[in-house]
Each structure stands twice: as structure tokens, then as C-alpha cells.
Undergrad: 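There's a structure below that I have some questions on.
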Amino acid sequence: MTHPLLDLAPLSAAHFASIEDRVARLLRTEQDVVVMQGEALLPLEGAIRATAGPGTTALNVITGPYGQTFGDWLRDCGATVVDLTVPFHTAVTAEQVRGALAEHPEIDFVSLVHAEAATGNTNPVAEIGEAVRAHGALFYLDAVASIGAEPVLPDAWGVDLCVIGAQKAMGGPAGVSAVSVSERAWARMAANPRAPRRSYLSLLDWKERWIDGGRTALLHAPAQLEMLALEACLERIEAVGPDAVMARHASAAAATRAGALALGGGLEPYVREAADAAPVATTLRAPAGTTAADLVARALAADPALPLAAGGGALAKEMIRVNHYGPDATPGAVRAALTALGAVLAEEGLTVDVAAALRAAGKSWR
Ligand SMILES: *Cc1c(COP(=O)(O)O)cnc(C)c1O
């Protein structure tokens with residue numbers, strides 16, 4: 001008996017290459033795109049270990065938990081790391097990046113997270129890219145949470161290593177990811193004796209054995225399920241158009257923010273300025289005297305399908321995340337989240353106006 005997920009024909013090299021080309025079109029890049037068969041942490045770590053070493057001085061911009069992780073990897077590679085940390089309720093500015101580069105002329109690597117789903121902020125990559133290019137540093141960008149939700153343009157922005165994953169706004173699988181690599185980044189890797197080789201983390205293996213060979217022979221058996229799911233997800237985005245997918249996410253963020261403000265009860269957007277708030281997910285500050293993790297747990301107990309989560313680690317007490325991405329970037333998901341938050345806040349004895357929240361959300365849907 002056939003099964004839709006089993007007994008799949010092997011995925012050919014040509015098919016694999018065609019999926020890479022589709023990712024390149026989504027990123028509007030002429031750079032090499034390497035699809036990697038693992039969650040996005042695979043190319044995120046692989047790209048750092050390939051390009052950073054004891055001779056590297058890295059500016060590591062921290063606007064949430066992922067930036068912290070990148071700093072740890074960079075230090076582990078022997079790099080000297082200059083951390084630029086901004087409060088998680090803001091975005092970093094190009095001015096701050098320019099200042100750090102001026103203060104440390106030896107910086108030759110900049111790592112940045114575009115949008116951070118865990119904190120709900122998004123950073124002005126185009127402007128930061130200008131500063132990084134003017135300085136001449138290699139520019140590494142985590143665009144996992146921004147791709148599909150807002151423009152991600154590595155070529156226009158001068159990004160040398162741009163990592164994406166399909167599991168957020170693309171509404172795709174989590175087990176496959178991709179990185180676009182500039183010529184400069186390949187050269188940096190080739191010159192790095194500590195860059196992983198003959199390793200699952202290795203980007204150079206893909207360069208030498210896949211790209212330079214004309215993409216005719218794969219390094220190992222491709223993960224068909226994930227590759228086919230990635231292809232289906234790209235097809236769906238192409239069919240409705242990336243702009244429509246991004247507009248859905250922008251609307252979901254605007255509606256959630258406006259709805260939360262109108263709900264009352266002391267609920268507030270966690271990211272203070274709307275311009276700094278990411279289209280992929282909206283973070284909210286739990287009212288004083290409540291605990292975000294408790295509120296979310298009660299809402300999810302009533303309806304496990306709600307796109308709600310508490311902040312991670314130390315943020316679990318104060319941060320509520322509305323993960324309105326992928327299939328949840330809809331008016332229905334936003335309404336359901338606001339209604340559920342209204343119900344748990346009312347149980348706390350707080351005065352909320354769910355009808356006003358839903359009206360405000362509806363009006364903000366663009
Ligand atoms: C979601 C996300 C990732 C992927 O990591 P997960 O732990 O699988 O969610 C990477 N970077 C950023 C900025 C993300 O928001």
C-alpha cells in the first residue's frame with residue numbers, strides 16, 4: 001500500500017539544484033545558495049565556524065537570545081568579540097553600529113539578527129549594511145524570522161552570509177534551511193584553516209564537491225520529505241506572491257498591536273516603537289501583578305491551537321508572544337489570540353474590552 005510520506009523516489013541532483021534556485025529567487029540573490037539539511041541552526045553555526053577564527057574581531061549585535069548564541073560560537077572559534085547589546089524592547093540603530101565600528105577599526109566580521117521572533121523586534125538591515133560595507137567587514141545575517149514576513153535582500157544590502165529557515169513566516173518545514181554565500185565569504189572560508197571540512201557543518205564541502213562540480217553529484221542522500229516540503233512551500237509563496245505573504249504578516253502584527261492596546265487591562269506592546277516591531281510575531285508585556293507564562297498556559301489549556309507562547313528563560317515572567325506567522329498570519333488567529341488573552345486577564349480581575357480589541361484589530365488589518 002502506498003503512503004504519501006513513504007516510498008518516495010530518490011531526489012535527483014537536478015531537482016535539489018532547482019530548489020536551491022527557487023530559494024535564490026526568493027532572496028533575489030546572485031550569490032550561491034546552499035540548502036542545508038537541518039534546522040536553521042545548522043547553517044547559522046556552520047557559517048560562523050567557517051568564517052571566524054583567532055584572527056577575527058567580530059561585532060556581535062545582541063537584540064535577543066540568538067545574538068547571545070552567536071557570540072558564544074564566535075568566542076568558541078577563537079574570535080575576539082565586541083558585543084553591542086541593546087534592550088530587547090528596542091531595535092539597534094545604524095548609528096550605534098557605526099559608532100562601534102569607529103571605536104574598533106579592527107572589526108572584520110559583523111553578526112546581526114534581522115527579526116527576532118523571541119523578542120519581537122526587527123533591525124534596520126539596509127542601513128546597517130551600508131555601514132558594514134563602508135567598513136569592509138563581512139556581514140552575517142540571521143533572517144530566519146524575517147524571511148516571508150518582510151523583505152530580505154542580501155545583494156542589495158551587502159549581506160555576505162544570509163541564513164533562512166522555512167518554519168516561520170514561510171509556513172514550511174523546520175528540518176531544512178539555506179544560506180546565501182558571497183564570493184567574499186567563500187574566500188574568507190578558503191583562507192580559514194579551522195573552517196570545518198568533511199563535516200556536516202561544512203559549507204566548504206558543499207562549495208568544493210557540489211557547486212564547483214556544477215551541482216551534479218550530491219554529498220549524501222538528500223532528505224526527500226524536507227526538500228519536497230520546502231519546494232511546496234516555495235511554490236505556494238510564488239503562487240500568491242511574496243508581497244501578499246509579507247502583507248499578511250505586516251497586517252497581523254499591526255492588528256495584534258492595536259488590539260492589545262485597545263484590550264486594556266494593562267497589557268502593552270513589549271517593543272515600544274511600532275517601527276521596531278517585527279512583522280513575524282508580536283510580543284506583549286504582561287500586566288503588572290500577572291505572570292506571562294501562567295496567562296499563556298491557561299489560554300492554551302482552553303485552546304491548544306492558539307498561536308501563543310511565553311517568552312523564553314528569564315522573559316517567561318513578563319513576555320507573551322503572539323506567533324502570528326505562517327498559517328497563523330490571519331485575522332482569525334489574531335482575533336482568537338486577543339479574545340483568549342482578554343478572557344485570562346478578566347479572570348485575573350482586570351478590566352478588559354474584548355469588543356474594542358477586536359474592532360481595533362479589524363481596523364488595523366491592511
Ligand atoms: C526561530 C528562529 C531561529 C530558528 O530557531 P528555532 O530554535 O528552531 O526556533 C533562528 N533565528 C531566529 C532569529 C529565530 O527567530
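Just follow the structure's listing: the first ligand is 1, and inside any ligand the first atom is 1.
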Undergrad: Which of the atoms of ligand 1 are close to V113, meaning less than 4.0 Å from one of its heavy atoms?
TA: 13 (C)
Undergrad: Would you call E130 and R133 a salt bridge, taking side-chain N to carboxylate O under 4.0 Å as the test?
TA: no
Undergrad: Can a salt bridge be assigned to the pair R215 and D32 using a cut-off of 4.0 Å between side-chain N and carboxylate O?
TA: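 Looking at D32 together with R215, the answer is no, because their closest N to O distance does not fall below 4.0 Å.
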Undergrad: Should E116 be counted as touching ligand 1, given the test is an N or O pair under 3.5 Å?
TA: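 Such a contact does not occur with ligand 1.
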Undergrad: Would you mind listing which atoms of ligand 1 come within a distance below 4.0 Å of any non-hydrogen atom of V144?
TA: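 Those qualifying, in numeric order: 2 (C), 3 (C), 4 (C), 10 (C), 11 (N).
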Undergrad: I need the nearest protein heavy-atom contact for atom 4 (C) of ligand 1: residue, atom name and distance, please.
TA: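 Of the protein heavy atoms, E39 OE2, 3.1 Å lies nearest.
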Undergrad: Please list the nearest protein heavy atom to atom 13 (C) of ligand 1 with its residue and the distance rounded to 0.1 Å.
TA: D142 OD2, 3.2 Å
Undergrad: Against heavy atoms of A145, which atoms of ligand 1 measure under 4.0 Å?
TA: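 Close to A145: 15 (O).
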Undergrad: Which atoms of ligand 1 sit under 4.0 Å from any heavy atom of A117?
TA: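 Close to A117: 15 (O).
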Undergrad: Among all protein non-hydrogen atoms, which one is nearest to atom 5 (O) of ligand 1, and what is the separation to 0.1 Å?
TA: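 Of the protein heavy atoms, Y66 OH, 2.8 Å lies nearest.
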Undergrad: As an exercise, identify every atom of ligand 1 less than 4.0 angstrom from a heavy atom of Q167.
TA: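 Atoms satisfying the 4.0 Å criterion: 4 (C), 8 (O).
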Undergrad: Closer than 4.0 Å to some heavy atom of A115 - which atoms of ligand 1 meet that?
TA: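 Contacts of ligand 1 toward A115, numbered from 1: 13 (C).
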Undergrad: Is the F16 to W210 ring centre distance short of 6.0 Å?
TA: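 Here the rings of W210 and F16 have centres that are less than 6.0 Å from each other.
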Undergrad: Look at atom 1 (C) of ligand 1 and say which protein heavy atom is nearest, naming residue and atom and giving the distance to 0.1 Å.
TA: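 Checking every protein heavy atom, the shortest distance to atom 1 (C) of ligand 1 gives K168 NZ, 1.2 Å.
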